[in-house]
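Shown next, in structure tokens, is the structure this report addresses.
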Amino acid sequence: MASDSSPGWALVAHGGAGLISRDHLKPEQEAAYRQAMATVAEAGASVLRAGGSAMDAVEAAIHLLEDDPLFNAGRGAVFTAEGRVELDASIMDGRTLAAGAVAGLSTTRHPISAARAVIEGSAHVMLGGEGADAFARSQGLEQVDPSWFFSARRWRSLERALAKLDLPIPPRPAGIVAEADLRGDLVHDEGKRGTVGCVALDSRGHVAAGTSTGGTTAKRWGRVGDSPIIGAGTYASDRACAVSCTGAGEYFIRLGVAHEICALVQHAGLSLQAAVDRVVQGDLTALGGDGGVIAVAPDGQMAWSFNTEGMYRARIADGQPLVVGAYKDDP
Ligand code: ASP
């Protein structure tokens with residue numbers, strides 16, 4: 001439990017926002033997603049409970065989400081129009097404002113760790129494409145064949161998306177893992193997108209945020225969304241809060257959503273919930289974008305906000321119970 005002078009640790013995670021409603025999910029899918037979010041939040045919480053840093057908790061939680069084919073990040077990510085998987089991730093340390101990001105990875109098993117390695121092993125903030133995978137390899141991060149990320153379920157989503165766009169369907173790549181082996185029957189396509197993220201406050205009062213994604217189904221031309229853009233999909237500052245976003249990346253980039261929320265907290269004195277609602281329900285909705293955010297502040301406030309039907313989410317804090325949500329009307 002927290003002492004009187006400290007708010008204690010706290011953690012919020014998300015698994016994407018979109019067409020997440022009772023009409024779109026079978027009960028067994030709903031149960032699988034809720035269970036996955038609970039497991040992830042507990043994993044992050046156990047790092048914080050043991051005195052670990054917010055950065056370590058964020059990375060540990062996102063590792064699980066990247067390995068879980070239910071989510072569009074790491075294994076089970078969506079395909080590009082060319083039939084590849086291109087993964088984006090970023091992480092930021094609110095204590096130092098150190099930030100790392102990667103875009104377009106295809107062989108690094110845990111993109112969030114590659115993003116963190118950019119902080120610790122380079123003089124840069126963002127690396128892209130083959131160079132980013134080569135850097136991750138040079139840092140000793142686990143490399144996999146690109147087919148590690150391929151799943152039959154996401155391939156079918158690509159075929160449908162390309163047919164709608166009237167684009168050619170590329171040859172089916174070798175190594176796509178069969179439905180049954182990757183829990184494909186449980187995967188819910190929340191609108192051709194999805195992303196995972198986590199924000200944490202550690203017991204020393206520092207916040208961190210991380211985000212990881214496969215981006216959007218059938219993306220072309222090396223498209224990069226908000227998830228690896230510091231200030232758009234991810235931001236963290238001990239002077240304000242830590243934020244991770246999911247949604248239509250092009251809108252989140254234009255609004256600088258994650259930084260905007262932190263700025264409202266730091267400079268306009270808004271509560272965390274008021275800040276996330278103003279940006280998501282106000283600015284993002286007015287611009288025509290959809291999605292959601294999670295946030296945590298150094299004083300222990302936790303918040304989420306989304307303008308989609310639902311968002312997979314979980315929060316837990318020192319002395320407070322785990323809360324898992326999927327639909328709009330969940331607490
Ligand atoms: N924000 C991600 C992107 O635009 C997708 C998502 O979160 O659904 O790449």
Side-chain angles (χ1 to χ4, degrees), residues 12-21 24 33 37 62 65-66 68 70-74 76-81 84-92 101-106 111-112 115 126 128-129 132 149 154 157-158 161 187-199 209-235 243-261 276 279-280 283-285 287-295 304-313 326:
V12 191
H14 73 75
L19 299 173
I20 299 164
S21 69
H24 286 100
Y33 277 91
M37 291 310 299
I62 292 181
L65 289 159
E66 288 177 336
D68 189 335
L70 292 182
F71 300 96
N72 174 22
V78 300
F79 282 96
T80 68
R84 292 164 42 83
V85 161
E86 293 175 1
L87 304 163
D88 305 333
S90 62
I91 190 165
M92 186 159 183
V102 286
L105 296 183
S106 60
I112 196 68
M126 189 168 191
F149 302 111
R154 299 296 192 190
S157 299
L158 175 67
V187 172
H188 167 244
D189 190 348
E190 62 267 48
K192 301 198 294 297
R193 298 199 312 248
T195 283
V196 305
C198 181
V199 294
T211 310
S212 181
T213 191
T216 50
T217 303
K219 63 185 180 182
R220 302 166 77 190
W221 307 305
R223 179 264 185 193
V224 177
D226 61 311
S227 307
I229 310 280
I230 298 299
T234 302
Y235 200 78
V243 180
S244 170
C245 305
T246 174
E250 284 69 11
Y251 294 84
F252 284 74
I253 294 172
R254 289 156 68 198
L255 288 167
V257 165
H259 185 269
E260 179 74 0
I261 290 167
V276 296
V279 175
V280 174
D283 303 342
L284 180 68
T285 306
L287 197 62
D290 66 333
V293 307
I294 55 170
W304 51 51
S305 190
F306 52 94
N307 65 0
T308 47
E309 286 185 16
M311 178 168 79
Y312 301 121
R313 57 200 188 272

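All ligand and atom numbering here is 1-based and tracks the order in the structure.
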Within a distance under 4.0 Å of any heavy atom of Gly215, pick out the atoms of ligand 1 and give their elements. 9 (O)

Between Ser106 and Val85, is there a donor-acceptor pair closer than 3.5 Å when you use the side chain of the first and the backbone of the second? no

With a 3.5 Å distance limit and no angle check, can you tell me whether Asp290 reaches the backbone of Glu309 through a side-chain donor-acceptor pair? no

Could you state the interatomic distance from CG (Leu87) to OG1 (Thr213), rounded to the nearest 0.5 Å? 8.5 Å

Where the side chain of Arg154 meets the backbone of Gly76, is there a donor-acceptor pair that is under 3.5 Å apart? yes

From the candidates Ala73, Gly291, Gly247, Gly292, the one that places a heavy atom nearest atom 5 (C) of ligand 1: Gly247

Can you tell me which residue and heavy atom of the protein come closest to atom 8 (O) of ligand 1, and the distance to 0.1 Å? Gly194 N, 2.8 Å

What do we get for Lys219 next to ligand 1 when only non-hydrogen atoms under 4.0 Å count, side chain, backbone, both or neither? neither

Only heavy atoms of Thr246, strictly under 4.0 Å: list the atoms of ligand 1 that pass. 6 (C), 7 (O), 8 (O)

Report yes if some N/O of Gly225 lies less than 3.5 Å from some N/O of ligand 1; otherwise report no. no

Could you tell me whether Gly249 and ligand 1 have an N or O pair separated by under 3.5 Å? yes

Is there a donor-acceptor pair closer than 3.5 Å between any side-chain N or O of Ser90 and the backbone N or O of Ser227? yes

Which one holds for Ser227 and ligand 1: side chain close, backbone close, both close, or neither close, with close meaning a heavy atom under 4.0 Å? side chain

Any nitrogen or oxygen of Asp226 lying under 3.5 Å from a nitrogen or oxygen in ligand 1? Just yes or no. yes

Just say parallel, tilted or perpendicular for the rings of Tyr33 and Tyr312, cut-offs at 30° and 60°. parallel

Indicate yes or no: does an N/O atom of Arg223 lie under 3.5 Å from an N/O atom of ligand 1? yes

Identify, for atom 6 (C) of ligand 1, the protein heavy atom at the shortest distance, and state residue, atom and that distance. Thr195 OG1, 3.0 Å

Quick check: does Ala17 get an N/O under 3.5 Å from an N/O on ligand 1? no

With distance as the sole criterion, is a donor-acceptor pair present between the side chains of Glu86 and Thr80 under 3.5 Å? no

Would you give the length of the straight line joining atom CD of Glu250 to atom CZ of Arg223, rounded to the nearest 0.5 angstrom? 4.0 Å

